[in-house]
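Quick notes on the structure that follows.
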Amino acid sequence: MVAKHRQIPLKILAIGTVHEDIILYVDKLDSVDNMQGTQKIEKRFGGSAGNTLAVLSQFPMTRSWVMAPMACKEASKVFIQDFESRNIKTSTCVFRPYVEHPQTTYFIHTDAEDSRAVVNYNSIEELTFEEFKRKFDFICTIELASLNTSLPFNWIHLEGHNADAKKMIDYIDSRVWRNKTIISVKLDKPYKKGLESLMKKADVIFFSQVFAESKGYVRDAAFDFLKFMGKFCKETAYLFCTWGSSGAMFYNNKSKRVYAVSAMQVPIVVDSVGAGDTFVACAIYSLVQGMSPEGCLRFSCELASRKCAQFGFDGMIDEMGRLRKMLKSTGLFELRKKQKPQPINAIDSGFADDNDSIYSFCQYDNSINNTFTNSIDSNSTFSNSIDSNSTFTNSVDSNSTFTNSIHSNSTFTNSVHSNSTFTNSVYNNSMFINNSIYNNSTFINSRNNSRHLIKEKHTKII
């Protein structure tokens with residue numbers, strides 16, 4: 001019997017910036033010297049590292065630390081209180097006693113053009129390598145001693161624009177536990193010469209549309225961009241590139257496989273500030289939990305899109321409650337792969353006893369699956385999968401694709417496979433009990449010598 005898979009705790013250190021965001025909402029920008037009012041003013045705490053952790057803090061079993069240069073402690077008091085209220089530890093921050101005002105970014109959002117202007121004020125010097133080293137040694141010592149563990153962090157995330165980022169990773173690389181920790185780098189600003197040496201050090205890299213365009217690439221050539229940047233990265237690196245409302249792309253530098261996912265359409269975009277950081281946070285969490293790269297890409301795009309439909313970050317994960325209602329358990333990600341994140345096509349032997357779990361938008365290639373109870377596999381892809389002698393109870397596989405899959409001698413009870421496509425699949429001697437639904441599904445070259453399989457409306461046998 002395969003043991004039930006549990007969530008993997010995430011212990012993450014994010015190194016970057018923290019600042020105040022002031023967002024002004026206006027109908028349009030008038031000509032110079034004209035007085036105009038605003039519809040609304042919103043203030044909140046921002047910065048890429050801070051935003052990423054604000055989202056991650058909403059996931060279960062997540063412990064996080066932020067390392068950033070900040071103004072004097074008095075001026076930073078409200079930041080500290082906000083982080084601590086989210087269980088984001090700030091003992092790794094560095095305070096500048098001579099700086100009286102925090103870094104501030106002004107966003108001017110215009111409804112008429114559906115665009116925004118960004119103005120940044122910053123008198124805070126960036127984090128130096130020596131400051132990083134001192135704080136890093138301190139927190140590692142504390143964590144290793146207090147938790148009686150040999151691994152202080154299983155993920156470290158850096159903003160790549162820091163001049164000393166490569167030296168920081170070199171220092172992390174010297175630790176004996178380095179091979180158990182994933183290092184990611186976010187490159188969301190225009191390209192600067194010398195960044196190739198930084199890319200070579202990271203396990204996961206998040207590129208932005210701005211970075212890609214600064215290298216001369218447009219949306220239609222985004223795949224070419226990722227393949228080209230892969231030459232400067234680790235052989236095993238995962239590369240992501242977000243492209244605003246066009247969605248995002250993923251490139252596995254080892255297998256050379258490329259995926260693209262469109263952004264989820266939202267009725268009204270009310271606040272896009274931090275959508276990219278939301279994508280990064282969701283990608284980090286889902287990769288730690290073992291989600292496939294394609295599943296990770298879809299999940300991250302969906303949450304980033306949902307971010308655009310609400311102000312700020314609070315309650316974002318609760319928005320996924322619509323999925324929870326379909327499950328008996330309250331856990332958002334009870335299900336994960338047994339192994340650490342791997343390229344698709346790895347053998348995922350055993351998903352037994354994974355009750356009340358979510359497999360939405362995942363891909364299972366060459367996998368061996370056993371028992372699925374109350375599982376959701378909507379919009380997923382199963383290629384060369386073996387589900388023989390398996391049991392599917394109250395499972396949902398709507399809009400999924402099954403290619404060369406074997407389901408012989410399996411039992412399907414109250415399962416939903418509407419609008420799915422089955423190609424070269426085998427269902428011999430399988431049982432379909434109590435209204436299993438295959439409405440509008442298509443079976444191509446499949447062997448369907450099973451009871452009740454062809455009973456549903458509008459089902460096609462080709």
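Position 1 is the first residue of the sequence, and the numbers go up from there.
Of all the heavy atoms in Ser197 and Gly194, the pair that sits closest is OG-O, 2.9 Å. Across all their heavy atoms, Phe299 and Met291 have their closest contact at CB-SD, 4.1 Å. Between Gln103 and Ile124 the shortest heavy-atom distance is N-CD1, 3.7 Å. The two residues Thr181 and Trp155 have their closest heavy-atom pair at CG2-N, 3.9 Å. Of all the heavy atoms in Thr242 and Ala248, the pair that sits closest is CA-CB, 4.1 Å. Nearest heavy-atom pair, Phe59 versus Thr62, reported as atom, atom and distance to 0.1 Å: O-OG1, 3.4 Å.
Taking a cutoff of 4.0 Å between a charged side-chain nitrogen and a carboxylate oxygen, Lys200 and Glu196 do not qualify as a salt bridge.
Within the structure, the salt bridge (Lys or Arg N to Asp or Glu O under 4.0 Å) test picks out the following pairs touching residues 223-241 (sequence neighbours left out): Asp203-Lys234. Screening residues 47-56 for salt bridge (Lys or Arg N to Asp or Glu O under 4.0 Å) gives no qualifying pairs among residues at least two apart or on separate chains. Every pair passing salt bridge (Lys or Arg N to Asp or Glu O under 4.0 Å) that includes a residue from residues 269-292 is listed here, sequence neighbours excluded: Arg44-Asp271, Lys186-Asp277, Asp271-Lys307.
Judged purely by atom type and a 3.5 angstrom limit, Ser286 uses its side chain to pair as donor or acceptor with the backbone of Ala283. Judged purely by atom type and a 3.5 angstrom limit, Ser208 uses its side chain to pair as donor or acceptor with the backbone of Asp188. Using modelled atom types, no side-chain atom of Thr90 and backbone atom of Ile80 make a donor-acceptor pair closer than 3.5 Å. Side-chain atoms of Asn253 never come within 3.5 Å of backbone atoms of Ala237 as a donor-acceptor pair (strictly under, hydrogens ignored). No side-chain donor-acceptor contact under 3.5 Å links Asn162 to the backbone of Glu126. Side chain of His19 to main chain of Gly47: a donor-acceptor pair is present (N/O by atom type, distance under 3.5 Å, no hydrogens or angles). A donor-acceptor pair under 3.5 Å is formed between the side chain of Thr92 and the backbone N or O of Val66.
With a 4.5 Å cut-off on side-chain heavy atoms, Ile15 and Met168 count as touching. With contacts defined as side-chain heavy-atom distances shorter than 4.5 Å, the pair Ile12/Tyr285 does not qualify. Inter-residue side-chain proximity for Glu20 and Val78 is flagged as unmet; no heavy-atom pair is nearer than 4.5 Å. Looking at heavy atoms from C-beta onward, Pro69 lies in side-chain contact with Arg96 at the 4.5 angstrom threshold. With a 4.5 Å cut-off on side-chain heavy atoms, Phe232 and Ile205 do not count as touching. Inter-residue side-chain proximity for Leu13 and Phe136 is flagged as met; some heavy-atom pair is nearer than 4.5 Å. At least one side-chain heavy atom of Ile284 sits under 4.5 Å from a side-chain heavy atom of Leu10. Two residues are said to be in side-chain contact when any heavy atoms from C-beta on lie closer than 4.5 Å; Ser91 and Ile139 meet this criterion.
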For this session: Take Asn252 and Tyr238 through the test side-chain contact (heavy atoms from CB on, under 4.5 Å) and record every step on the way to the result.
Result: CA-CA 5 Å; Asn252 185 325; Tyr238 283 180; 3.6 Å; yes
Exercise. Does the pair Cys140 and Phe153 meet the rule for a side-chain contact (heavy atoms from CB on, under 4.5 Å), with working shown?
Worked result: CA-CA 8 Å; Cys140 286; Phe153 307 105; 4.1 Å; yes
For this session: Check the pair Tyr121, Val119 against side-chain contact (heavy atoms from CB on, under 4.5 Å), reporting the backbone distance first and the verdict last.
Result: CA-CA 7 Å; Tyr121 166 79; Val119 181; over 6 Å; no
For this session: List the steps and the verdict of side-chain contact (heavy atoms from CB on, under 4.5 Å) for Arg178 and Ile183.
Result: CA-CA 9 Å; Arg178 167 62 180 96; Ile183 294 179; 3.3 Å; yes
For this session: Would you please test Asp314 and Arg86 for salt bridge (Lys or Arg N to Asp or Glu O under 4.0 Å) and show each step?
Result: CA-CA 10 Å; Asp314 292 340; Arg86 301 174 186 271; 2.8 Å; yes
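For the 3.5 Å distance criterion, the side chains of Asp137 and Tyr171 qualify, holding a donor opposite an acceptor. There is a side-chain donor-acceptor pair under 3.5 Å between Glu159 and Thr17.
Here the CD1 atom belonging to Ile88 is positioned 9.5 Å from the OG1 atom belonging to Thr52, to the nearest 0.5 angstrom. Expressed to the nearest 0.5 Å, how far CD1 of Ile41 lies from OH of Tyr106 amounts to 10.5 Å. Atoms CE and OG, on Met70 and Ser76 in that order, are 4.0 Å from each other to the nearest 0.5 Å. Between Phe207 atom CZ and Leu239 atom CG the span is 5.0 Å, to the nearest 0.5 Å. Taking CE of Met264 as the start and CZ of Arg306 as the end, the distance is 4.0 Å to the nearest 0.5 Å. We find the OH-NZ distance between Tyr251 and Lys256 to be 4.0 Å, quoted to the nearest 0.5 Å.
When Phe211, Phe250, Phe240 are each tested for a ring-ring contact (aromatic ring centres under 6.0 Å, His included) with Phe206, only one passes: Phe240.
Under a cut-off of 6.0 angstrom, the local environment of NZ in Lys215 is crowded, with over 12 non-hydrogen atoms contributed by other residues, nucleotides or ligands.
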